Amino acid sequence: MYHDFVLEELEADQRELFKRSSMRICTSNPKLISEILELTETNPGLSFEDCTVWHHAKLLGGILVTGDGKLKRKASAGGLEVRGIIFLIEEIKNQRVRELVECISILKHLKSFNPRLPILEIDNRINAWEVELANQL
Amino acid sequence: MSSSFAFRLKNARLKSGLSLQQVADQVGLSKQMISKYEKGLSMPASDKLIALSRMLNVKVDQLFSKPEYEIGEISFRKRSKLKGKREQALKEEIRTKIENYLLIEDLLGISHGFENPIGGNLISSLQEAKDAAFQLKEAWKIGQDAIYNAVDLFEEKHIKVIEIDELTGEFDGLATWVDGKYPMIVLSKAASVERKRFTLFHELGHIVLVSGDASDKDQEKFCNAFASEMLLSEANLMMELGESKRAIFLEEIKNLQEKYGMSISAIIYKLGETGIISKNHVRDFFIRLRVEPKFKIQIEESSYQGNEHSNRFENLVLRALSQETISQSKASAMFGVSLSELRSQYLQAV
């Protein structure tokens with residue numbers, strides 16, 4: 001599930017990818033917007049869009065997926081389970097949405113263009129998944 | 001209902017120069033409904049909010065930011081040609097920039113403190129305005145020599161400088177106060193570096209000079225005299241060129257321009273004011289500038305090599321982002337760019 005405010009932050013081609021996926025789009029009525037606003041007022045370092053996903057994750061009892069350090073810290077402190085992109089790829093692998101070989105390649109690609117990600121964690125997964133792949137063959 | 005949303009929506013509409021009807025037509029709502037939003041009587045759902053933010057070219061976050069500061073009058077100089085919607089739009093752009101600047105300082109716990117060291121003197125003549133320039137340089141302990149970078153100096157003294165994209169040439173700059181205590185100067189990004197420097201010191205004059213009940217016209221004159229003296233004092237001018245000259249070479253003026261960051265025309269004018277060259281000489285220069293296109297180009301092409309550009313706001317936002325005081329989404333709203341623009345323009349890790 002993704003939120004229409006968050007979708008609005010993306011570029012047109014990224015938006016298309018989401019729209020083509022089977023993910024559900026989440027909207028906010030005026031009452032929800034007022035609730036989100038209360039959250040922004042007590043968290044001035046977060047944007048309205050950040051608070052939207054935080055609030056919806058709380059309401060739905062879901063996991064908040066973000067790569068943003070500030071949002072991660074605030075939402076975790078508020079008792080929410082917060083995960084990053086590595087968790088997502090792990091889920092894709094575990095639920096067999098994509099082949100193992102493809103998941104390894106995604107991790108390698110991620111590592112090559114995003115230096116802010118934890119390299120060690122990624123390397124550990126790549127190594128373990130490569131062993132798993134060798135065992136499958 | 002959110003009063004900040006009502007306030008921001010109206011400001012964003014004024015900034016875009018659109019009428020209620022135009023907004024209503026483009027978003028697919030009635031004019032009455034837009035008016036209700038602007039009065040805080042109703043709140044749209046997310047789809048309409050997104051449509052409004054797209055149309056008004058502001059991020060949704062900006063439509064909800066709470067007005068935290070009391071911003072003084074944003075008024076343009078009398079000679080400004082800005083009128084009506086364009087003036088209103090520029091005012092709203094300036095207001096947004098000022099608010100973002102103060103917000104980031106607050107989030108980082110930086111004080112806005114400013115002290116006027118010459119605030120006790122009442123200015124009622126051009127000479128007093130020039131004397132005030134000398135006194136301010138003394139009080140700020142910056143010596144009486146050329147000031148290399150005015151923006152850096154102002155920011156060190158807690159006067160914030162904001163640049164805006166104003167391409168029509170109808171706006172030079174203005175000074176305003178926030179919460180009645182914190183001075184800010186707004187400059188046109190497109191102006192030449194010499195123009196920016198003169199404007200900066202002219203607006204500084206509006207901040208530090210107390211001119212009692214002097215007319216607007218006199219205040220402008222005092223600020224011009226103050227700015228000119230801050231950039232290149234009469235004493236320095238005489239030291240550089242001597243007390244009187246029958247002839248003067250363009251190269252001499254260019255050397256002064258290079259050292260003091262003042263335009264050639266302003267230096268010639270000042271030479272006449274101080275009596276180093278005659279008033280007739282000054283008049284002849286300006287006539288020649290008008291009638292000889294080649295000469296005009298030669299004068300206009302000569303420029304100061306220094307830079308007057310403020311990076312402070314940008315640096316504060318990036319600092320806040322790197323220490324996780326703000327999120328990336330908040331940073332992109334403050335810069336007025338998309339998330340991917342933020343990442344490609346500002347967040348290349350080293």
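Letters A, B, ... are given to chains in the order of the sequence lines, protein chains preceding strands, and every chain is numbered from 1. If you're wondering where the values come from, they're calculated on a predicted model, not measured in any experiment.
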- A:D123 atom CG, over 12 foreign heavy atoms within 6.0 Å: yes
- Message: Surrounding CD of B:Q323 (heavy atoms of other residues, nucleotides or ligands, distance under 6.0 Å), is the total greater than 12?
- Response: yes
- Item | Heavy-atom closest pair, residues A:L46 and B:S327 | CD2-CB, 3.9 Å
- Task: Please look at A:S28 and chain B and tell me whether the side chain, the backbone, both or neither of the residue comes under 4.5 angstrom of a heavy atom of that chain.
- Result: both
- Between OG on residue B:S65 and CD on residue A:E41, distance to nearest 0.5 Å: 11.0 Å
- Task: Step through the shown structure and confirm whether more than 12 heavy atoms of other residues, nucleotides or ligands are within 6.0 Å of NZ on B:K36.
- Result: no
- Query: For A:E11, is it the side chain, the backbone, both or neither that has a heavy atom under 4.5 Å from a heavy atom of chain B?
  - Reply: side chain
- Take atom NZ in A:K72; do more than 12 heavy atoms of anything else shown fall under 6.0 Å from it? no
- Among A:L7, A:N29, A:D50, who wins on heavy-atom pairs under 4.5 Å with chain B? A:D50
- Should the heavy atoms of other residues, nucleotides or ligands under 6.0 Å from NZ of B:K48 be counted, would the total exceed 12? yes
- Residue pairs involving residues 320-331 of chain B (criterion salt bridge (Lys or Arg N to Asp or Glu O under 4.0 Å); sequence neighbours excluded): A:R73-B:E324, B:D61-B:K330
- Message: Would you compute the distance between atom CG of A:D4 and atom OG of B:S46 and round it to the nearest 0.5 angstrom?
- Response: 3.5 Å
- Note on the structure: Interface check, chain A: of B:I104, B:L321, B:D106, B:L49, most non-hydrogen pairs under 4.5 Å belong to B:L49
- Query: Is there side-chain contact between B:Q328 and A:K70, with heavy atoms separated by less than 4.5 Å?
  - Reply: no
- Item | Test item: side-chain donor near acceptor, A:S47 and B:S329, under 3.5 Å | yes
- If you count the non-hydrogen atoms of other residues, nucleotides and ligands that lie under 6.0 Å from CD in B:E115, is the total more than 12? no
- Query: Checking heavy atoms, do the side chain of B:L107, its backbone, both or neither come under 4.5 Å from chain A?
  - Reply: side chain
- Query: Is there a salt bridge (Lys or Arg N to Asp or Glu O under 4.0 Å) between B:K59 and A:E8 once you walk through the steps?
  - Reply: CA-CA 9 Å; B:K59 293 197 75 170; A:E8 196 55 24; over 6 Å; no
- Item | Distance (rounded to the nearest 0.5 Å) between A:L10 CG and B:L339 CG | 7.5 Å
- Message: If I take atom CZ from residue A:F5 and atom OG from residue B:S53, how far apart are they, to the nearest 0.5 angstrom?
- Response: 8.0 Å
- Got B:F64 and A:L37 here, is their nearest side-chain heavy-atom distance under 4.5 Å? yes
- A:R15 atom CZ, over 12 foreign heavy atoms within 6.0 Å: yes
